[in-house]
Every structure is written in C-alpha cells, then in structure tokens.
Number of protein chains: 2
Amino acid sequence: MLDGYDKHAFEPFAVTVDLAVFTIREGTLHVLLVERGQEPYAGRWALPGGFLRPDESAERAARRELGEETGLTDVTGLHLEQLRTYSEPDRDPRMRVVSVAFAALLPDAPEAHGGGDAAQARWTPYEAARDLAFDHDRILADARDRIGAKLEYTGLATAFCPPEFTLGELQQVYETVWGTALDRPNFRRKVLATPGFVEAVPGAARLTGGRGKPAALYRAGTAAALHPPLLRPTPEGRPA
Amino acid sequence: MLDGYDKHAFEPFAVTVDLAVFTIREGTLHVLLVERGQEPYAGRWALPGGFLRPDESAERAARRELGEETGLTDVTGLHLEQLRTYSEPDRDPRMRVVSVAFAALLPDAPEAHGGGDAAQARWTPYEAARDLAFDHDRILADARDRIGAKLEYTGLATAFCPPEFTLGELQQVYETVWGTALDRPNFRRKVLATPGFVEAVPGAARLTGGRGKPAALYRAGTAAALHPPLLRPTPEGRPA
DNA sequence: CCTTTAATAGTCAGTACGACTATTAAAGGG
DNA sequence: CCCTTTAATAGTCGTACTGACTATTAAAGG
C-alpha cells in the first residue's frame, strides 16, 4: 500500500466527515441539516460534518462533529455507520477534500441547535432537503437508499425506536422509510417469526400512548441479519 | 462541512486506496496480493493499492493502481465497489494515512506480475492470505463478508463469470464464496425464476467444457437487486 | 456400446405470504 | 354509563415458494 512513498510524491488531502442523520418525526422522515456560515455556499443548508483531527478516526470525528454542530451530545442509541467516501477532485471549489460520509439514525428527535461552525441546525423533512451545499444532495440520497435497503435484511429499524417500543411503532418506521403501507397482522407475524429481531419485554409490560388497545412492548433483538428478510412490497408488477 | 477551515487548523492526510481483488480459480476463492518492497512490512504480503493523486477520484486511483502493480490492465468486466474507509490513527506506523478500501471481482484470473511499487503480485487462495501488512487482514475479511452477503440480494455473482456462462458455473460461484453445496435443480429454478438475474443467450448456443450434457449459456441480466433474493442456506438450526 | 458425468425436467410435502375477517381492550364523547 | 372509535392481537385461506428427491437427456471416454 504505502510502498514508494519516498519515490513518488504523495499529495496531502483535507479529510472531512459528513453525516446524514435521520429520525422520524410525526410519521415523516427527517434529516438533520446545518446552515453554513461561510463561503462557499454561505447561507445554504448542508449536512453536518467537519475536518478530521490528527488523532481521531473518522468514526470518532463523526460523533464529535455531531455534538459540536448540533448540540446532540446525548447520542445514546445513536446508530452510526459508514456510507462511503466521496473523493471527486472537484467536489469542493476551494481545495481537494476527501469526505467520509456516514449515515446515522436516532430514536427520538431531540431539538438541535447550531454551534461550532454551523450558524444553526434544524430537523428538516427529507423531501424538503434539496439544493444542499457541495455534493450533499447526492450523499443524502445515497444514505436514504442505503437505509431503505438495510431495513429489509437487518434489524436496523429498531435504531429509529426508543429502547422499548411497540410493534406498531416499528411498523411506522418501515412505512415511513419505504413510503408504503403494510398490513398490520402480516407485519406482526413476520417480525415475530424472525428470530432475534425483537424480544418481548418480560413483565406484562404494556403501555399506551393513545387510543386503542394497549400494545405489548418489545426490545431490539440481537440478530445482526434478518432470516428471513422482511422484503419490501414489490413496487410495480414484479414477480410476486 | 468545510466551515471554519480558516478558524481551526486542519491537518493534511495521506490518502490511499487498497484493493481486495477476488477471483475464482479451480473452484477456490483467490485474492490478489502483492509483496511489499520496502519498510515497513518489507517482504510481507499486502493488498495492492497506493496513493491517491491530486487529480483523480478514489475509484480512478483504484483502477490505476491495479494496473500498475499487477499488470491487470485489461480490466473489462472488472466489478469494483467501495468497501469502506479505514482511518484509525495508528494504522500506519509512519504517518497518518486514511485508506479507501475497494472490493473487486474478476471473471477469469489473468496471471499477475509485479510492477510499480510491488516486488511481485500473486493470486493467493483466500484461506492462505493471512498475516498481511497493516490492517489488511481486517480489510480482506470485511471484503469477503460483503461479497458473500451481496450474492444474496444482487446479481453480483455474474461478475465472477465470463460474459457468457452456464448455470453450473454460476452455481460454482455461490458454492465457492459461501462454502456450502447447493442443490442443482433448485438453484436453477430459483435463478430462472428471478427476473433480470440472467438471460438466455438466444441462439441454441450451448457449449461444453467437459463431460456431461452440454449446458445452455446465459448472460448477466440487468436487475440491480434480486427479487426474491437467493438466500444462503441457514447455517445452524435457524428457523427455516 | 456401455459407463460416467453433468444438465435439465418434474414431483411432493411443508412453509411463508398476501389478503382478509374477527375479537379484544382501551379512550372519549354524549 | 354506554356506545362508538381506535388500535392491537388472533385466526383463516388459498397461492407461491422452497427444500428434498427422483427421473430423464445428452454428451465424453474408455
């Protein structure tokens, strides 16, 4: 890998992290955006992020920046995963910047405020998050695609839920991210038939938020992958 | 993202690409390794890779390095995808290096030779590829996991096959990567029932390599995702 | 020409899934 | 207080899919 670093000149790069942080609010997918304080793209909205420091990994930098720019320091329950790295030479007008992008999911949505380099931070409905700075439109779209796909074959959906949740809340997550309605009894059957997806909270612990029959509570299971997966309804006239 | 680059000092990083290049030879998964010519880890085997140049993306750098270090210039049919970026501060003993790792698949296995910074290059059985330089053991393991998982829900397996292939060859890919035997009639049925996975070569084009009944030829289909997916047999006593 | 090898065809029972209907347990309004 | 509304949970039914097999076909090789 590093062979010949004394033979060929190697160029220094600025390395940043960018975060696509999702949560579900009022049944809608929301993304955390910050308003840029400086050029370029001053006044435009962008994904939170910032420069990597010499002593930290990209993962650590991502958590730090999230706290600094948005005040979200209580990131217990934060699911953070690398999306991919964006390295097109012209993606930043000033200089060569390589950015490691992350996708993150939060259960509830604590209010965010600006800080650090960000003029302000705000939860924005996904559909309204357009015309972002740099290539952030692309990063955001990639992140959303990835989340949607991972809901099918991992237990990732529980990362949108509080530690204890009802199957109705879990179904809401799927419906919101996929943008489709799901049959409730069938959803329930599949989730419970998938070992390691959720586990019932032992005590007759039931709790209601609102109207109907109180729902049983579940916790996230331990399974990394879902077998069988919870496939998205076939969009068009797919096979079946 | 880049807010405040004039407020906070930002550190320059060396950025490299590392490649886990897989092929199937004699029914075994092989990885392309290069022998390091210099310290650190001189004489040790490593994944091919090298420094990013100021005018190229990580993807371009990956293709270039593959050619330089291994002589694999005819990379038609090369499937290349980003794996993830490794950025632990101590992953290189000399300096701070952030590496964008790629997984690549090749149909046949043209012989590789050293070149550029690599003393030599060699196709190595995956099982024998241990004790690599830097954190390349980890990268290699991550790449293999990813490939195995993607075989389930994408048509990625065709990237290991020549442009036209038999279903037997395709099945070999699955069996090799997953390390499990599959029932031939059932495999056939599932592949053909999955729209967009493969398409029959129209002419009564059949061709034989060896003994038995000649097999029909297929080409890779256009589907990005497999619906339904081709799930791996459940390892232990999984549900079903 | 007969054996071996591999591809392809077909069968059958168990299971998963989508589309529904039915029941239960709470909240809320009159 | 009762009756309506709402949501959770239970159960049904027919189709599609899957895994485990058996059978047939078409070549190569001695």
Side-chain angles (χ1 to χ4, degrees), chain A residues 27 151-153 161 164-176 178 180-201 204-218 226-240, chain B residues 27 152-153 161 164-176 178 180-195 197-201 204-218 226-240:
Chain A
L151 288 194
E152 290 192 328
Y153 53 93
C161 299
E164 301 193 339
F165 52 87
T166 69
L167 294 187
E169 291 169 341
L170 187 64
Q171 183 177 347
Q172 264 276 329
V173 171
Y174 279 90
E175 293 183 329
T176 301
W178 286 348
T180 54
L182 300 176
D183 179 83
R184 202 190 297 261
N186 289 344
F187 178 82
R188 172 188 196 74
R189 178 178 47 178
K190 292 189 70 168
V191 169
L192 295 180
T194 301
F197 191 0
V198 298
E199 52 184 40
V201 173
R206 10 189 84 227
L207 203 94
T208 318
R211 300 294 294 285
K213 178 175 177 176
L217 287 179
Y218 294 85
L226 261 35
H227 280 263
L230 232 156
L231 298 179
R232 230 180 296 222
T234 63
E236 332 107 50
R238 278 257 201 57
Chain B
E152 290 192 327
Y153 54 93
C161 298
E164 301 192 339
F165 52 86
T166 69
L167 294 187
E169 293 169 340
L170 187 64
Q171 184 176 346
Q172 265 276 330
V173 171
Y174 278 91
E175 293 182 330
T176 300
W178 286 349
T180 54
L182 300 175
D183 179 82
R184 203 190 296 262
N186 289 343
F187 178 82
R188 171 189 198 73
R189 179 179 48 180
K190 291 189 72 167
V191 169
L192 296 180
T194 302
F197 192 2
V198 298
E199 52 186 40
V201 173
R206 8 189 86 227
L207 204 92
T208 318
R211 300 293 294 284
K213 177 173 176 176
L217 288 178
Y218 294 85
L226 262 34
H227 280 264
L230 233 155
L231 298 179
R232 229 180 296 222
T234 64
E236 332 106 50
R238 280 258 201 57

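Letters A, B, ... mirror the listed sequences (proteins, then strands); counts begin at 1. Given the structure is predicted, the values throughout are model-derived calculations rather than measurements.
- Residues satisfying the side chain to side chain donor-acceptor pair (under 3.5 Å) test with B:Gln171, not counting sequence neighbours, are B:Glu175.
- For the atom pair CG (A:Leu170) and OH (A:Tyr218), the distance works out to 10.5 Å, reported to the nearest 0.5 Å.
- The two residues B:Arg188 and B:Leu167 make their nearest non-hydrogen contact at NH1-CD1, 3.3 Å.
- Rounded to whole Å, the distance from CD on A:Gln171 to P on D:dT9 is 11 Å.
- Between B:Glu169 atom CD and C:dA6 atom P there is a gap of 13 Å when expressed in whole angstrom units.
- To the nearest angstrom, P of D:dC17 lies 12 Å from CG of A:Leu231.
- Remark: B:Tyr153 pairs with A:Tyr153 by the side chain to side chain donor-acceptor pair (under 3.5 Å) rule, at least two apart or across chains.
- Applying the side chain to side chain donor-acceptor pair (under 3.5 Å) test to A:Gln172 and every residue at least two apart in sequence or in another chain returns nothing.
- Applying the ring-ring contact (aromatic ring centres under 6.0 Å, His included) rule to B:Phe187 yields the partners B:Tyr174; only residues at least two apart in sequence or on another chain are considered.
- In this structure, the nucleotide among D:dT25, D:dT5, C:dA25 sitting nearest to the side chain of B:Lys213 is D:dT25.
- Per the geometry, CZ belonging to A:Arg211 stands 6 Å off C1' belonging to D:dT5, to the nearest Å.
- Rounded to whole angstrom, the span from the CZ atom of A:Phe187 across to the P atom of D:dA7 amounts to 16 Å.
- For the pair A:Leu182 CG and C:dC17 P, the interatomic distance rounds to 13 Å; values are reported in whole Å.
- In this structure A:Asp183 satisfies the side chain to side chain donor-acceptor pair (under 3.5 Å) test together with A:Asn186, sequence neighbours excluded.
- The distance from atom CG of B:Leu170 to atom P of C:dA6 is 17 Å, rounded to the nearest whole Å.
- Of the side-chain N and O atoms in A:Lys190, none sit less than 4.0 angstrom from OP1 or OP2 of C:dA16.
- Whole-Å rounding puts the A:Leu217 CG to D:dA7 C1' distance at 14 Å.
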Which donor-acceptor pairs under 3.5 Å do side chains of residues 190-201 of chain A form with protein atoms, sequence neighbours excluded?
| from | atom 1 | to | atom 2 | distance (Å) |
| --- | --- | --- | --- | --- |
| A:Thr194 | OG1 | A:Lys190 | O | 2.9 |

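- Judged as a salt bridge (Lys or Arg N to Asp or Glu O under 4.0 Å), and not counting sequence neighbours, B:Glu169 has no contacts.
- With the 3.5 Å cutoff on both pairing distances, Watson-Crick and G-U pairs in DNA chain D assemble into runs of at least 3 at C:1-30 with D:1-30.
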Below 3.5 Å between N/O atoms, which protein atoms pair up with nucleotides 10-13 of chain D? Just atom names and distances, please.
none

